[in-house]
Amino acid sequence: MWIVKHIQQTAIESLNQIFGQTFTEKDFQINQTKPEFDGDYTIVLFSLVKALKLSPDDIGNKLGDHLTQNNPTLFTDYNIIKGFLNLTVADSYWLDLLAKNYNDVCYGKAKLNGQKVMVEYSSPNTNKPLHLGHLRNNFLGWSVAEILKASGYDVIKTCIVNDRGIHICKSMIAWQLFGNGATPQSENKKGDHFVGEYYVKFNDELKKQIHELKDKGINEKEAEKEAPIMKATQQMLLDWEAGKPEVMQLWKTMNSWVYEGFDTTYKKIGSDFNKTYYESNTYLLGKKIVEEGLAKGVFFKEDDNSVWIDLTTDGLDKKIVQRKDGTSVYITQDIGLAQQKYEEYGIDQSIYVIGDEQNYHMKVLKLIAEKLQLPNAQNIYHLSYGMVELPTGKMKSREGTVVDADDIVQEMENVAKNKTEELGKVKDFTAEELETLYTTIGLGALKFFLLRVDPKKKMIFNPEESIDFHGFTGPFVQYTHARIKSILRKEEVTSTKFQVQSLLPLEKKLMIILEQYATVIDKAANEHNPSEIAIYVFEVAKIFNSFYAEHSITNAETPDKKQLRLQLASLTATVLKSGMQLLGIGVPERM
RNA sequence: GGUCUGGUAGCUCAGCUGGAUAGAGCAUCAGCCUUCUAAGCUGAGGGCCAUUGGUUCGAAUCCAAUCCAGAUCACCA
């Protein structure tokens, strides 16, 4: 059992024995004691005053006495300052914990809880390469999945590829018009970038045609509809839906180019999926559900045959779920897919990692699922994240202010390379080892930067500052790990039994935070928030570095102290490695 | 206009299920490598927690209003 819970329960017992009243965990708070006071953990007494009709100091004295007298192996001392009962936890408690866990690579991770969760993330369009926004999505989704695993869930990672629709036809048309049979191979370009260029070409041409039409006196809206390239695109979508062979062939070819490019990027950034859904397979889903919904009275039919749901009593609007021509709209597919996911995997919880611009859509999806009484509809969770913006404002593909995913990764690697060469600590590495190291550090910096912020908040990416490798960054944590490993390569923990009675302040501080790892995983899992892990891991590294600067490990005061510190260093390395792994970041042995 | 987010140091962010003098990192300034990796450590300066009211022993945190910024409200996805 973890310390806070332990204190809580002991305090509840003591309060019961002293005052004959029963309290619960929610009746009083336990915080870590602020550094300026003596003690390790603090019970806030104010909330008990009313029920006990005593002054905070009175309660504190009685509780403090009782706790220390009845739990000598847990508490050694207490003091009361202005209504706060500061408890000192016995050093033997920390030492026992350390001895039991210093060698456990699974330290902090929970056992399977029998719950199955699906995490859908990434969900790219196959008409352009991934950009920085996609990276936030990918890193978030992957990390949340890992955190949930560490917290005891059985996790299935999925991806829905938006591989069809008008936007895909746009790049197809442009390729037909301007491609002259070019291929990624012939142009020596990555497939997704190659296709993305035609998407841009489409928009350029469209703009040109609109301009020409406007000169002829046609208004903007009309011009966009009437532009020949747009008409051709719409025709192509119809042909696609009709399964016209040459269109299907082109579609398959161009998508395969994109997939090849995506594969490279996914492999590089470490995204993986247990199951990939394709919109071209799922876009017709949901029609059966529309029928069922009509029968249940959840949906209603308009005179023109379109099908709707009325969500006005839930504070939302009416929403269409099927067009008058009987075709599915976006939300219909999603309901269909939601059900398919459940049928295929019997999931207890379904998490969607999708940007906050779709908050409304996801709210509607969940509501509809609930009204249709789909299984576990209430456990649909939209992990909504904010947009990534540049200091100059939003990223806009049209204005060329998009930060390309492959570019930024490459840039981070270059910085890692320059920095590493400058420091010259790994001159004996092979070329291959160096490449791996640059990727680990560069990608680590990028992932950490994107994950250290609360997902729901929009974030500003400043290319200049973001490639900093000092302070609250991935490389800082990686460096701390490498430092520890450097010691552990030379020195081993040789005895688990040693005579150390007391801990120095920094040793204890380190032990206290290491003890919190499992609690932090749990919190991060419940809140679907990797930034909890990033902040924690940084804090651990910071405390270790202070400890490292203050106390020598290899030249400790006594052999016993050396053993203790080796154990501490070992557990720290484990927690850093494990925590970083939950963020998808590797930690090097040397750097 | 309706709904939903967010506003904390010069910058980027923690803290938000109410608790002690509001914390980090970057940047600025001053120190620390003949000792385990200086991608490090120690210290200094820097704040009307958007504004105004309310709730209470206590509010950055909860409530209300206002101001500012963003998202969304398609027979697009």
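Chain A is the first sequence line, chain B the second, and so forth, proteins listed ahead of strands; every chain is numbered from 1.
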Would you list the protein and nucleotides 27-32 of chain B atom pairs, both N or O, that sit under 3.5 Å from each other?
none

If you compare every side-chain N and O of [X] against the phosphate oxygens of [N] (OP1, OP2), does one of them come in below 4.0 Å?
X: R483(A); N: A38(B); result: yes
X: K26(A); N: G18(B); result: no
X: K425(A); N: G40(B); result: no
X: Y479(A); N: A39(B); result: yes
X: R164(A); N: C76(B); result: no

T420(A) near the nucleic acid: base, sugar-phosphate alone, or nothing, with a heavy-atom cut-off under 4.0 Å?
base
Any base atoms under 4.0 Å from F476(A), or only sugar-phosphate, or nothing? Heavy atoms, all strands.
sugar-phosphate
By nearest-nucleotide position on RNA chain B, the 5'-leaning member of V329(A) and V453(A) is V453(A)
Quick check: on RNA chain B, is the nucleotide nearest H470(A) upstream (toward 5') of the one nearest Q32(A), or the reverse? Name the residue that is more 5'.
Q32(A)
Between N545(A) and R483(A), does any side-chain donor sit less than 3.5 Å from a side-chain acceptor?
yes
Exercise: do D454(A) and S531(A) side chains pair donor with acceptor under 3.5 Å
no
Y548(A) and T480(A), any side-chain heavy atoms less than 4.5 Å apart:
no
With no angle test and no hydrogens, is the base of C13(B) tied to the side chain of D454(A) by a donor-acceptor pair under 3.5 Å?
no
Is there a donor and acceptor pair closer than 3.5 Å between the side chain of T480(A) and the base of A39(B)?
no
Taking atom P in both U61(B) and G19(B), compute the distance separating them and give it to the nearest angstrom.
10 Å
By ring-ring contact (aromatic ring centres under 6.0 Å, His included), F84(A) pairs with (sequence neighbours left out) F46(A)
Secondary structure string for RNA chain B (Watson-Crick or G-U under 3.5 angstrom, | for other-strand pairs)
((((((((.[[[[.)...(...]]]].(((((.......))))).....[[[[[..)....]]]]])))))))....
Step through it carefully: locate the ring centre of F448(A), locate the ring centre of F476(A), and say whether they are under 6.0 Å apart.
no
Heavy atoms from C-beta onward define the side chain here; which of A20(B), C41(B), U37(B) lies closest to that of S546(A)?
C41(B)
